[in-house]
Number of protein chains: 2
Amino acid sequence: MQKDTLCLGLLSLGPRSGYEIKQMFEGPLSDFYSLSFGTIYPTLNKLQDEKYVSCKQLSQSKKPDKKVYTITKKGKDLMKDNLLGDASAYIRSGNFGDQIKSEFFLLLLFAKYLPQETLDTVLNERTLFLRQKLEQFKYDGPVPSDLQALRNEKSVAFIRGLATTLIESGLNYMEKNRGKLN
Amino acid sequence: MQKDTLCLGLLSLGPRSGYEIKQMFEGPLSDFYSLSFGTIYPTLNKLQDEKYVSCKQLSQSKKPDKKVYTITKKGKDLMKDNLLGDASAYIRSGNFGDQIKSEFFLLLLFAKYLPQETLDTVLNERTLFLRQKLEQFKYDGPVPSDLQALRNEKSVAFIRGLATTLIESGLNYMEKNRGKLN
DNA sequence: GATTATATATATCAACCTGATATAGATACC
DNA sequence: GGTATCTATATCAGGTTGATATATATAATC
C-alpha cells in the first residue's frame, strides 16, 4: 500500500502527529504493517504541501511541541480513489499472498542443521510466543487513547478475530505435528 | 535472515546457479521469503571471494552459460553457526510475529471507504485466491527438477501442512464473518 | 522466412525504505 | 545531581527492490 494512502487512512480516524502515527504502527498494527519515521515525516510534509492534510503546531505544557495533522476533503478524496484503484492488487498479498517474509519458516526449513536440543527450545519458545500473541489479540480491556480510534473500527474487530483464529489453529498444528521435524 | 545464510542454506540442498536460486524464491518459497537478482548475484560473488562457495562455469548447448555454485565445508560451518546464533531472533517473526506486512489486512482496515459492491468483489476474489493457494500447497504431483530438492525436505512437508491448515481456517473464518464488515 | 514472444542467464542501478543516530525538553527515580 | 526514559521531530548511510540492459535460443505467429 502506498505510504500516502496509508497515512491518509490513519489520519481519517482522527487528527494525529507523526509520532502518534508511528505509535499506531508499533501497537495493534505492528503485525500487519509498519512505516519508519524516515518515511512518515517526509510523507506528512509532502501531503501538507499538496493540501491533502492541514497542520496545526501545538505547544504542550510538560511535553515538546507537536504538529497535528488533519485530513482535508481533498485528502479524503485521494485516499478513497487510491483504495479503490489498488484494491484488486491487495487481494493477492499477505497471509499467504506474497508478503509474509517469515524468518521463522525459513529457520524451520533448515531445521535439520540445528541440534535436536536447540530445535526443541525453538519450538517451545515459539509456542510461548504465539500464546502471548493470542492473549494480545484477545485482550479487550482499556487501551491508550491514541489507539482507541483503531479499536472502535468494525474492521479491526474482524481482523482481530481472524488473527485469533489463525494463531489458534497454528498452535494446534504445531503441537500435533512437531514430531515430524525430527 | 541474513542473505548469506539463506543462500548458503539453499546451496546446501545441492549445487545451483543464481538464476536457479531465484526460481526457488519464485516457486514454493515465494510465500515465505524472496530475494532479488540485485541481492543474489552480489551475495554469491562475495561468498565465492570468501571461499564459502566454489563456482564452476558450465557451457550448455541450447542455453546461455551458467555459473554453478557449490557450498564448501567452510560455508556449511558458517551457515550452521549463523542459524544457531540467530535462531532465537527468528522465533518472534512472521505469521503474527513482526513481518507479515499484509496489504490485504490494511485494505480491510479501511473497508468502510469502499463501496459495498467493491467490498463484496474483493472478499469474493480473496476467497478464490486463497482456494487456489490451498490447491498449490496441497498439490503433490511432479515438480520441476530444480525444486525437487526442496520437496524432499521433511521440514517442507511440515511447513506445507501448516500453511494448508492456516489457509483453511482463514477461509472458514472469512465465510462465517464477512457480514461483520458491513 | 520474418517478426514477436518467451525462457535462460547474468548484471547493474536509480529510487526507496529502514534502522540508527542526533537533537531537545521534560519527568522520574535513586 | 546523574541517569534513564518518554515525547517529538528530523536526517542519512546503507541495503533492497524493481526495472532495465544484454545476449542466446526456442517457439509461436503472421
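A note on names: the letters A, B, ... follow the listed sequences, proteins ahead of strands, and every chain is numbered from 1. Worth knowing before you read on, the calculation uses all heavy atoms, side chains too, and leaves out hydrogens, waters and symmetry mates.
Comparing Lys66(A) and Pro42(A) against DNA chain D, the residue whose closest nucleotide sits nearer the 5' end is Lys66(A). Each of Gln23(B) and Lys67(B) has a nearest nucleotide on DNA chain C; the 5'-most of these lies closest to Gln23(B).
Arg16(A) places no side-chain N or O within donor-acceptor distance of the main-chain N or O of Leu11(A), the cut-off being under 3.5 Å.
Using a 4.5 Å heavy-atom threshold, the side chains of Asp31(A) and Phe137(A) count as touching. No side-chain heavy atom of Thr165(B) sits under 4.5 Å from any side-chain heavy atom of Asn172(A).
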What nitrogen or oxygen pairs link the protein and nucleotides 12-14 of chain D at under 3.5 Å?
none

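The interatomic distance linking Leu58(A) (CG) with dG25(C) (P) rounds to 19 Å, in whole Å. In this structure, Leu35(A) atom CG and dC16(C) atom P are separated by 14 Å, rounded to whole Å. In this structure, NZ of Lys46(A) is placed 9 Å from P of dC16(C), rounded to the nearest angstrom. Distance, Glu20(B) CD to dA9(C) C1': 10 Å, rounded to whole Å. When the P atom of dC17(C) is taken as reference, atom CG of Asp4(A) falls 9 Å away, rounded to whole Å. Ile21(A) places its CD1 atom 13 Å from the P atom of dA8(D), with the value rounded to the nearest Å. Atom OH of Tyr69(B) and atom P of dT10(C) are 7 Å apart (whole Å). Per the geometry, CD1 belonging to Ile40(A) stands 14 Å off C1' belonging to dT11(D), to the nearest Å.
The side chain of Tyr19(B) sits closest to dT8(C) out of dT17(D), dT8(C), dA8(D). With dT17(D), dT16(D), dT8(C) as the candidates, the nucleotide lying closest to the side chain of Lys3(B) is dT16(D).
Counted within 6.0 Å of NZ on Lys74(A), heavy atoms from surrounding residues, nucleotides or ligands total more than 12; the atom is thus considered enclosed. Atom NZ of Lys51(A) is surrounded by 12 or fewer heavy atoms from other residues, nucleotides or ligands within 6.0 Å. The local environment of CD in Gln116(B) is crowded, with over 12 non-hydrogen atoms from other residues, nucleotides or ligands closer than 6.0 Å. Dense packing is recorded around CD of Gln57(B), with more than 12 heavy atoms of other residues, nucleotides or ligands lying under 6.0 Å away.
Listed by residue number, the members of residues 10-18 of chain A with any heavy atom below 4.0 angstrom from DNA chain C form an empty set.
Among pairs with a residue in residues 155-182 of chain A, those fulfilling ring pair (Phe, Tyr, Trp, His ring centres under 6.0 Å) read Phe158(A)-Tyr173(B), Tyr173(A)-Phe158(B), at least two apart in sequence or across chains.
Between Tyr41(B) and the phosphate of dA11(C), there is no side-chain N or O to OP1/OP2 separation shorter than 4.0 Å.
Between atom CZ of residue Phe129(B) and atom CD1 of residue Ile167(B) there is a gap of 8.0 Å, rounded to the nearest 0.5 Å.
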